[in-house]
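See structure below.
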Amino acid sequence: MIGLSSYAGVMESPMNSAQEQQPFSPLTNSWSTQQESNENQKPTSVGGFVLVHAGAGYHSESKAKEYKHVCKRACQRAVDRLKAGALAVEAVAAALIELEDSPFTNAGMGSNLNLSGEIECDASIMDGKSLHYGAVGSISGIKNPVVVANRLLSEAQKGKLSAGRIPPCFLVGRGAHDWAVSQGIPPCPSEKMATKFSLSAYKRNKRKMELAEKIDTGHKQTKKRRQSSENENGSGCLDTVGAVVVDLEGNVAAAVSSGGLAMKHPGRVGQAAHYGCGCWAENACNMNPYSTAVSTSGSPFLASEDRVLGGVIVLRCCRCVEAQPSQNIQGILVEFLWSHTTESMCVGYMSAQDSKAKTHISRLPPGTIPGQSLAIEGGVCRLMSVVE
């Protein structure tokens, strides 16, 4: 299934990508040159745009309201930061904190439990302006893993440590936890992060594994057990939350956070933490007039898998000019989309000019097979500001 939904902020009428966009077009000169020429010009208003998702997998109709509500809150949190003058990287971290705090997402609070019955999380964040990246893997005892990832990013931006040491950008396990605590980030016992839902799912999965091990009669049964485990951790549950943001200065940022697969081996680090895999953000440069931010979700993208289950949100933007350009008006054209091969994906999006976020649960058409079908939806938005 391939579809397109239209979106526009209050300053633009809805349109889809097939319509000709006459009022504006990308500048022929580079964005970086435009930024340099406007170095002393600052917008008199602040704003931006955020797109979030609450996991690719299966979103039951009975909990649809809760999934949409958490996406709406995450968008609002990011927009509040943008309106306060924050850059994209700060806003995207704010959105992720809201998603991690929800008991309905597989990130932070309520994450999947591993084989030992513990919660270990992965998270990463990237700043498109500096291309700095921060990540944690298999971290326990921290309520918001993205906060640690963001702190790693900000500390790395300060430069080298004493004696010329290179600051870390990716920490795992106990080292990540201890570093977070040393930075003043409060610990949270793993048992307090588990919810009734995640605990009941752990007990149910553990019983299934114990039963499967008892009746294991060889390679054939092992293969069936592996496939069954993959199905339980695929479209039947949620995996990973993410967000992408552009601020009114044109900076982009992306972030991702995940509790990982249910019943994973302790110490496993998933794709959410890996550089260039969980998320990516890069501002426009001399060779490319477009800024891009991406956040991914899903089970492992391996060639040996029978089904490729995953999802992605993408934001692309560029400077735009009107048919009759005004020197004191700047605009950013934002194109955004989400896509998934899972049964469903819940998303939310909002510009700083909107009064409230829009939310949507995208679903594959009835009769299609997850992992073998693809849904794509998206829209456009134009951000405008007056500069002095």
Side-chain angles (χ1 to χ4, degrees), residues 2 4-9 11-12 15-39 41 43 47-53 78 82 87-89 91-92 95 124-133 242-256 275-296 311-323 325 329-339 347 349-353 376-385 387:
I2 298 179
L4 180 71
S5 67
S6 299
Y7 167 80
M11 302 191 73
E12 182 178 74
M15 64 175 63
N16 61 42
S17 63
Q19 292 176 296
E20 189 175 359
Q21 301 166 0
Q22 293 288 355
F24 47 84
S25 62
L27 292 180
T28 55
N29 59 320
S30 71
W31 193 336
S32 60
T33 302
Q34 178 73 10
Q35 288 177 316
E36 290 173 5
S37 65
N38 294 326
E39 186 175 348
Q41 295 179 321
F49 178 85
V50 56
L51 169 64
V52 307
H53 78 86
L82 290 170
L87 296 178
V89 68
V92 81
S124 63
I125 186 170
M126 189 167 181
D127 177 19
K129 183 178 181 179
S130 65
L131 296 184
H132 278 100
Y133 149 92
V244 289
V245 170
V246 57
D247 60 37
L248 205 55
E249 293 181 11
N251 303 305
V252 294
V256 58
Y275 178 74
C277 188
C279 66
W280 184 264
E282 185 172 1
N283 279 13
C285 63
N286 290 331
M287 300 299 294
N288 182 11
Y290 295 98
S291 294
T292 305
V294 180
S295 185
T296 68
V312 63
I313 55 175
V314 182
L315 177 154
R316 188 179 79 157
C317 56
C318 66
R319 296 284 181 183
C320 60
V321 294
E322 298 190 353
I329 296 180
Q330 291 184 359
I332 298 176
L333 174 65
V334 181
E335 301 172 287
F336 60 97
L337 66 83
W338 54 90
S339 179
V347 299
Y349 47 92
M350 183 180 185
S351 81
Q353 296 145 347
I376 304 176
E377 298 177 283
V380 296
C381 174
R382 185 173 59 167
L383 307 175
M384 303 296 293
S385 66
V387 298

Side chain to side chain contact (heavy atoms under 4.5 Å, CB included) between Val52 and Val347, intermediate numbers included = CA-CA 6 Å; Val52 307; Val347 299; over 6 Å; no

Audit row: Val244, Val314, side chain to side chain contact (heavy atoms under 4.5 Å, CB included) steps and yes/no | CA-CA 7 Å; Val244 289; Val314 182; over 6 Å; no

Glu335 and Cys317: CA distance, side-chain angles, deciding distance, side chain to side chain contact (heavy atoms under 4.5 Å, CB included) verdict = CA-CA 6 Å; Glu335 301 172 287; Cys317 56; over 6 Å; no

When you look at Leu82 and Val245, which way does the side chain to side chain contact (heavy atoms under 4.5 Å, CB included) test go after all the steps?
-> CA-CA 10 Å; Leu82 290 170; Val245 170; 4.2 Å; yes

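Expressed to the nearest 0.5 Å, how far CG of Leu51 lies from CD1 of Ile313 amounts to 4.5 Å. The line from CG of Asn288 to CD of Glu282 is 7.0 Å long, rounded to the nearest 0.5 Å. Taking OG1 from Thr292 and CZ from Arg316, the interatomic distance works out to 7.0 Å, rounded to the nearest 0.5 Å. The SG atom of Cys381 lies 5.5 Å from the CZ atom of Phe49; values are rounded to the nearest 0.5 Å. Separation of atoms CG (Leu315) and OH (Tyr290) is listed at 13.0 Å; rounding is to 0.5 Å. In this structure, the separation between CE on Met384 and CD on Gln353 is 9.0 Å, given to the nearest 0.5 Å.
Here the side chain of Asp247 pairs a donor or acceptor atom with the backbone of Asn251 at under 3.5 angstrom. A donor-acceptor pair under 3.5 Å is absent between the side-chain atoms of His132 and the main chain of Asp127, judged by distance alone. Checked by atom type and distance alone, the side chain of Thr296 pairs as donor or acceptor with a backbone atom of Gly278 at under 3.5 Å. A donor-acceptor distance shorter than 3.5 angstrom exists from the side chain of Ser291 to the backbone of Ala284, with no hydrogens or angles considered. No donor-acceptor pair under 3.5 Å is formed between the side chain of Ser295 and the backbone N or O of Cys279.
Contact between Ala293 and Ala253 at its shortest, heavy atoms only, is CB-O, 3.7 Å. Closest approach of Ala255 to Val92, counting heavy atoms only: N-CG2, 3.9 Å. The two residues Leu131 and Ala281 come nearest to each other via the heavy atoms CD2-O, 3.5 Å. Closest approach of Ile332 to Cys320, counting heavy atoms only: N-SG, 3.7 Å.
In this structure, Tyr133 has its ring center at least 6.0 angstrom away from the ring center of Trp280.
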